[in-house]
Amino acid sequence: MSNADTKAGLSRPQMAWRAAQDLVDGAFVNLGIGIPEMVADFVPGDRQIIYHTENGILGFGPRPAEGEEDPDLINAGKKPVTLLPGASFFHHADSFAMIRGGHIDYCILGAMQVSASGDLANWSTGAPDAIPAVGGAMDLVAGVPNVFIITDHVTRTGEPKLLETCTYPLTATGVVKRVFTDFGVFDVTASGFVLKEIAPGVTVDMIVEKTGAAVEIPADLKVIEVPDTV
Amino acid sequence: MINKICPSVEAAVADIKDGATVMIGGFGEAGSPIELIHALIDQGARDLTVINNNTGNGQVGLAALIGAGRVRKMICSYPRSSQSKVFPELYRRGEIELELVPQGTLAERIRAGGAGVPAFYTPTSVGTPLAEGKEVREIEGRSYVLEYGLKADFALIRAEKADPLGNLTYYKAARNFGPIMAMAAKTTIVQARQVVEASGIDPEVVVTPGIFVNKVVEVADPAIESVLIEQGVSYP
């Protein structure tokens, strides 16, 4: 699935790998649908992470072998999962008490747009004919202290997704802490986006050109070192 | 002697009237009380307000109830999926109302409704279109939106084991909305895979105490929504 040959920057698995390095041992983590789900494949082996899915499981594991699926054992993306030792089930109000009550340490989600003040738009383009659907996104970002975003740096048509101000309907204001894109790792600070690490093959000029907001470039900019296995 | 066991799904849903508000358990197909929903279609009640996380899949279960034109309004968090065709079509034609609620707010509104809490403040949706027109209050320096509790005339839920007093256990992630919907409805109707005698569930493992349950019907081998869809089933 690597797209590293066709364009500069990290592939999707490499973005997921990079985000996985920032999860601390013992953390409770909720992963969104899509690229965020891949994060679980790349957590360093010496760290134990407990995964939460908002439909009511803590401690679920990978997809079961074919033929072993159980329609009553699924994740929030409605995909079959397995249970790890120590897993638990709970009802929806308890599940969102874990989220809103600040008990889940990290959530990693996709985004349509992120603003320099940490606003997130990831549930609706606001198109008049679209069926609005929000799910648990607004609860997750309102309640989880560390909201991480994994997203391509630009849209399919090349428009920046990191902006001064989001133009799509918001999911929440001022919640995003860190953004992992194919171009690099960005922290959202009181003064806006700060580039923490840059992807191999990507230049600062490319980032400045493809970002719709000011980006602070630190003097000691680090290049992401992706292992050959990812 | 309390005995909440009903002889059939037909008998269990017989009292649901036109215009009723009905909570239906399940998250996607997990925990969906599909036999009770099909019995409700056969029973014929219309003009329903239905509360569920989604809007069903294919042409079975909740999607079939909506497709049969029995639902006036859906209250849900995620009315789309790869296999939901019925709701989007009706919605685009303006033939069904939608109240879109963030998933955790939906769960807490149901819990509050069942717990005698008329309203609560939540940080979810502050500053978004879903908070428009709602009261916002600052508490200890953070803004919160006022949301109201949800109650229903009926709840239809699927459990694993039930006893004649209505005590329930659930199966895996099929639990989802069952315990809170059972609390929030005036009449809670349960389809259970296994009905056992009163001593058949250890009190330590009861998830929903029988006080929240009114009717129980055994459906030993419930249909699986995704299997029905794969088989091309369209209910009725």
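Below, all heavy atoms of this structure are taken into account, side chains as well, without hydrogens, waters or symmetry copies. Within every chain, numbering begins at 1; the chains are lettered A, B, ... in the order of the sequence lines, protein sequences first and strands thereafter.
- When side chains are defined from C-beta on, A/Lys78 counts as touching B/Phe27, because their heavy atoms get closer than 4.5 Å.
- Shown here for B/Pro129 and A/Leu170, the closest heavy-atom pair between the two residues is CD-O, 3.8 Å.
- Side-chain atoms of A/His92 and B/Glu108 form no donor-acceptor pair, as typed in the model, at a separation below 3.5 Å.
- For B/Val101, the part lying under 4.5 angstrom from a heavy atom of chain A is the backbone only.
- Side-chain N or O atoms of A/Arg100 include none that pairs as donor or acceptor with a backbone N or O of B/Thr122 at under 3.5 Å.
- For a residue to count as touching a neighbouring chain, one of its non-hydrogen atoms must lie under 4.5 Å from one of that chain's; by this rule B/Arg142 touches chain A with the side chain only.
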Show the atom names and distances, to 0.1 Å, of all donor-acceptor pairs under 3.5 Å that link a side chain in residues 101-109 of chain A to residues at least two apart or in another chain.
unit_1: A/Asp105; atom_1: OD2; unit_2: A/Phe28; atom_2: N; d: 2.9

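- Taking both residues in full, the closest heavy atoms of A/Asp72 and B/Gly31 are given as OD1-N, 3.2 Å, listed atom of the first, atom of the second, then distance.
- Contacts between residues 167-183 of chain B and chain A, counted as heavy-atom pairs separated by less than 4.5 Å, involve B/Tyr171, B/Lys172, B/Ala173, B/Ala174, B/Arg175, B/Asn176, B/Phe177, B/Pro179, B/Ile180.
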Practice problem: In sequence, state the C-alpha distance, the side-chain angles, and the governing distance for B/Phe87 and A/Ile131, and then conclude on side-chain contact (heavy atoms from CB on, under 4.5 Å). | Solution: CA-CA 9 Å; B/Phe87 177 86; A/Ile131 308 288; 4.1 Å; yes
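- When each of B/Gly26, B/Ala112, B/Pro102, B/Ser226 is checked for heavy-atom pairs under 4.5 Å with chain A, B/Pro102 comes out on top.
- Separating the CD1 atom in B/Ile110 from the NE2 atom in A/His91 is a distance of 11.0 Å, to the nearest 0.5 Å.
- In this structure, the portion of B/Tyr91 lying under 4.5 Å from any heavy atom of chain A is its side chain and not its backbone.
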